[in-house]
Student: 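I'd like to ask you about the structure that follows.
Chain letters run A, B, ... following the sequence lines, proteins first and then strands; every chain starts at 1. Both backbone and side-chain heavy atoms feed into the values below; hydrogens, waters and symmetry mates do not.
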Number of protein chains: 2
Amino acid sequence: MRSYKDIHNILLERIKDGEWAPGSLVPSEADLALEFGCTRVTVNRAMQALADSGLIERRRKAGTRVVQRMTRNAVFEIQIVRHEIEQRGGSYKYLLIGRSEEVPPQKVRAEMGLSGEETLLHVLSLHFADGAPYQIEDRWISLETVPQARHEPFDTLSPNEWLLREIPYTNAEHVFRAARPEPKESDYLNLGEGEPVFVIERTTWLSDAAVTHVRLVHPADSFRLVTRDQHGTAL
Amino acid sequence: MRSYKDIHNILLERIKDGEWAPGSLVPSEADLALEFGCTRVTVNRAMQALADSGLIERRRKAGTRVVQRMTRNAVFEIQIVRHEIEQRGGSYKYLLIGRSEEVPPQKVRAEMGLSGEETLLHVLSLHFADGAPYQIEDRWISLETVPQARHEPFDTLSPNEWLLREIPYTNAEHVFRAARPEPKESDYLNLGEGEPVFVIERTTWLSDAAVTHVRLVHPADSFRLVTRDQHGTAL
DNA sequence: AAGTGGTCTAGACCACAGC
DNA sequence: CTGTGGTCTAGACCACTTT
């Protein structure tokens, strides 16, 4: 018996091997159903999986083609800083530097899509790995969207961890950059002369309502972001 | 009539709104089928989509639970550098600096999983946006996996573009870092004093056979990597 | 043993886009 | 108008895993 996963893998091989070249038309579902001795629905499931991973494009009547555009997606996982460090066997420490309610600078307001001059919760903190500064977390939290944050001291639990626990679902936008550190940052991170920093800026929303904006600053010499993408093993 | 997409969205809302809290058990397929007045298969498709995007976890007999794991995925798209620049309305230029067959340094061999001392094709080139250096492409190509590359001059078509066109499918691994530029790089990119670089290292495979390893170096002051993740709009 | 998800079949109707 | 994909139903059997 051939499952739709089997069929998916067979079709995948044909694309990989170039048997079905990029841009070429592949047989119709009905034909493939005949070939594999199964229902059209089963073939459909296999093809939909391939379409989801972006390897084929399907249009009614026009049929199914192997994609020509060869853009690839890379996925990386954002997790709690503490887990990130502990997973590598490192020892983790958290330090709260400051916590206050302020009107954020224009730049932050723009990122979060805020119009007025509302005050947000501003939390500045440091994360350490094995005793060395690992990350500055400079965060703004919307008290309108997340009023519970007002009562959180953030003295032992980082905003990063608290938010990921509390907020059930979000959309996010990330910016990654290399940069020269600001003097303060250089100080906090205990950076060597001329050492750049790796900056991640993330804004998250809960159904169109901005939740938080954070600037994460890492020493370049000890930080790298890694992804491992396996296009073929999905499903 | 309720399609599986409708059901998917309804269930998604329940997770977003916290009606189904993280870690909680959600009703069985049979129950939901009753609620929505459709077949269990239809509910199954909706739930599988949610499981695929990582929002729920399903185990036979144990049932389906909203995930507690607090990680988020960010996705970015790898595309041809030329398109990246032209899409922003910039003018693109390509310059080949060097092309030779060499034994790569140990570090590259390790990344690509090469054991022997085989010679690879080494191509060094520059990509310009609006006349300014945008990216150094320092690339090694396996002539075993991609023998066609031997006959490519790469004088007008970049390896980046050629490979993305020719190689139908790969797995990839990325490393992102901030770094101080090497003197040569600083020279090629025409960097200001003390300006760091943003480095992407990518290795790709075609079914376990290493295809290529590339080091992409960008001036930090003019480069940022952006992702926009919409957890909810998939499917 | 029993409950839950995983998947298949056979047949059907619809939606869309080329012709 | 017709071919192709998109999806649903009703019923069935199987595969896990927990009890």
Student: When you check the side-chain N and O atoms of A/Tyr92 and A/Glu84, is any donor under 3.5 Å from an acceptor?
Tutor: no
Student: Is any side-chain N of the basic residue among B/Arg82 and B/Glu161 closer than 4.0 Å to the acidic one's carboxylate O?
Tutor: yes
Student: Check this for me: does any side-chain nitrogen of one of A/Arg65 and A/Glu57 sit under 4.0 Å from a carboxylate oxygen of the other?
Tutor: no
Student: Determine the interplanar angle of the B/Phe176 and B/Phe198 rings, folded into 0 to 90°, and report it as parallel if under 30°, tilted if 30 to 60°, perpendicular if over 60°.
Tutor: tilted
Student: When you check every protein heavy atom under 4.0 Å of nucleotides 11-19 of chain C, what one-letter string (B, S, -) results, 5' to 3'?
Tutor: BB--BBBS-
Student: Would you mind reading off the distance between A/Asp31 atom CG and D/dG3 atom C1', rounded to a whole angstrom?
Tutor: 11 Å
Student: Tell me, please, which residues at least two apart from B/Tyr94 pass ring pair (Phe, Tyr, Trp, His ring centres under 6.0 Å).
Tutor: B/His127
Student: Just how far, in rounded Å, is P of D/dC8 from CZ of B/Phe36?
Tutor: 13 Å
Student: So, is A/Asn44 near the phosphate of D/dG6, with a side-chain N or O under 4.0 Å from OP1 or OP2?
Tutor: yes
Student: For B/Glu29 and C/dT7, what is the distance between atoms CD and P respectively, to the nearest whole Å?
Tutor: 10 Å
Student: Taking only side-chain nitrogens and oxygens of A/Thr42, does any of them come within less than 4.0 Å of OP1 or OP2 of C/dT7?
Tutor: no
Student: Does atom CZ (B/Arg14) have a neighbourhood of more than 12 heavy atoms from anything else shown, all under 6.0 Å?
Tutor: yes
Student: Looking only at side-chain N and O atoms, does A/Lys5 come under 4.0 Å of OP1 or OP2 in C/dT7?
Tutor: yes
Student: Report the distance from atom CD of B/Glu57 to atom P of D/dC16, rounded to the nearest whole Å.
Tutor: 18 Å
Student: Using a cut-off of strictly less than 4.0 Å, decide whether B/Thr64 has a side-chain nitrogen or oxygen near OP1 or OP2 of C/dT4.
Tutor: no
Student: Does a side-chain N or O from A/Gln48 land closer than 4.0 Å to OP1 or OP2 of D/dG5, or not?
Tutor: no
Student: Would you kindly give the CG-to-C1' distance between A/Leu32 and D/dT4, to the nearest whole Å?
Tutor: 13 Å
Student: Write down the distance between OH (B/Tyr4) and P (C/dG6), rounded to a whole number of angstrom.
Tutor: 16 Å
Student: For A/His8 and C/dG6, give me the distance from atom NE2 to atom P, rounded to whole Å.
Tutor: 17 Å
Student: Output the rounded distance in Å from CZ (B/Arg45) to C1' (D/dC8).
Tutor: 10 Å
Student: By ring pair (Phe, Tyr, Trp, His ring centres under 6.0 Å), which residues pair with A/Phe154, not counting sequence neighbours?
Tutor: A/Trp162
